[in-house]
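Keep in mind that this is a model prediction, so the values were computed, not measured.
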Amino acid sequence: MAEPQSYENHTRLDPAFHFIGGPATLAGAMILIGSFVQRLLAGAPFLELLPALGLALLGVGSVIGFAKIRGYALLVQDRAIALEVTDRYRRLGGKEPRLLTEVLESRQVVALRFASDGELVALADRAIAEKLAPAAIKRAIKEWRPDLRRV
């Protein structure tokens with residue numbers, strides 16, 4: 001059986017994304033940009049620079065696209081988690097979930113997802129009152145509720 005999830009081990013990496021795709025995209029873009037700069041510094045005529053410039057722009061666009069795709073996926077995950085946490089807060093504490101979304105930042109609400117049902121409401125109220133940072137919210141959790149689906 002795997003080790004129970006906790007603050008110390010709750011982060012997850014996707015090897016294909018974090019160790020292959022990201023570095024390959026970044027390295028490819030750097031090589032393409034370097035090729036363009038090398039031709040530019042060598043005094044290549046303008047028409048010979050166009051293919052290198054096009055490839056350099058393609059490399060930059062690939063890096064930006066790669067980062068944005070990851071960012072969009074995290075935003076969608078955060079919205080789904082926020083919906084789940086606010087629903088649990090309403091259901092467990094009988095309180096208006098708008099308190100969470102209007103007072104806390106998205107990252108704070110998302111940090112609350114690890115709180116067990118027994119401590120979610122009190123910890124959320126404490127996070128609101130004390131303006132706890134996401135890491136402080138996670139550290140304050142006594143009974144960790146694992147989230148094994150987020151990457």
Review point. Considering only heavy atoms from C-beta outward, does the side chain of Leu55 approach that of Phe36 to under 4.5 Å?
Key: no

Check your understanding: Between the side chain of His10 and the main-chain N/O of Tyr7, is any donor-acceptor distance below 3.5 Å?
Key -> yes

Point to revise | Minimum-distance pair of heavy atoms, taken over all atoms of Ala115 and Arg88 | key: O-NH2, 2.7 Å

Practice item. Kindly write out the residues that satisfy side-chain hydrogen bond (donor to acceptor under 3.5 Å, both in side chains) with Ser116, not counting sequence neighbours, or none if the list is empty. Key: Glu119

**Study point:** Under 3.5 Å donor-acceptor, Thr86 side chain and Ala82 backbone
**Key:** yes

Study note, to complete from the structure: The reported gap from OG in Ser106 to CG in Leu75 (rounded to nearest 0.5 angstrom) is 8.0 Å

Practice item. Identify the heavy atoms of Ala111 and Pro134 that sit nearest to each other, and give their distance. Key: CB-O, 3.6 Å

Review point. In terms of hydrophobic clusters joined by side-chain contacts under 4.5 Å, are Ile31 and Phe66 together?
Key: no

Exercise for review: State yes or no: do Leu57 and Leu40 share one hydrophobic cluster built from I, L, V, M, F, W and Y residues joined by side-chain heavy-atom distances below 4.5 Å, directly or via other members?
Suggested key: yes

Check your understanding: Roughly how far apart are Arg107 CZ and Asp78 CG, rounded to 0.5 Å?
Key -> 10.0 Å

Study note, to complete from the structure: Closest non-hydrogen atoms of Gly59 and Ala29, given as atom of the first, atom of the second and distance, are O-CB, 3.3 Å

**Study point:** Inter-residue atom distance Arg113.CZ - Gln77.CD, 0.5 Å rounding
**Key:** 8.5 Å

**Study point:** Arg145 atom CZ: more than 12 heavy-atom contacts under 6.0 Å
**Key:** yes

Study note, to complete from the structure: Separation between CG (Leu123) and NZ (Lys138), nearest 0.5 Å, reads 12.0 Å

Study note, to complete from the structure: Sorted by chain and number, sequence neighbours left out, side chain to side chain contact (heavy atoms under 4.5 Å, CB included) with Val60 holds for Ile33, Ile64

Review point. Is Leu32 reachable from Met30 through a run of hydrophobic residues whose side-chain heavy atoms are each under 4.5 Å from the next?
Key: no

Review point. Just by modelled atom types, is the Pro45 backbone N or O under 3.5 Å from a matching donor or acceptor in the Glu48 side chain?
Key: no

Check your understanding: Transitively linked via ILVMFWY side-chain contacts under 4.5 Å: Val103 with Val85?
Key -> yes

Point to revise | Rounded distance (nearest 0.5 Å) linking atom CD1 of Ile20 with atom OG1 of Thr25 | key: 11.0 Å

Exercise for review: Quick one: pull up CZ in Arg90 and CG in Leu100 and give me the separation to the nearest 0.5 Å.
Suggested key: 12.0 Å

Point to revise | Test item: Glu96 and Glu102 side chains (from C-beta on) under 4.5 Å apart, heavy atoms | key: no

Practice item. For the residue pair Ile137 and Leu112, establish whether any side-chain heavy-atom pair is separated by less than 4.5 Å. Key: yes

Check your understanding: Under a 4.5 Å side-chain heavy-atom rule over Ile, Leu, Val, Met, Phe, Trp and Tyr, are Leu132 and Ile128 clustered together?
Key -> yes

Check your understanding: Of all heavy-atom pairs between Asp147 and Phe114, which one has the smallest distance, and what is that distance?
Key -> CB-CE2, 3.6 Å

**Study point:** Test item: Glu143 side-chain N/O and Gly118 main-chain N/O as donor-acceptor pair under 3.5 Å
**Key:** no

Review point. Any ion pair linking Asp125 and Lys95 (charged N to carboxylate O, less than 4.0 Å)?
Key: yes

Point to revise | Glu105 and Lys131: CA distance, side-chain angles, deciding distance, side-chain contact (heavy atoms from CB on, under 4.5 Å) verdict | key: CA-CA 10 Å; Glu105 295 175 8; Lys131 298 176 178 39; over 6 Å; no

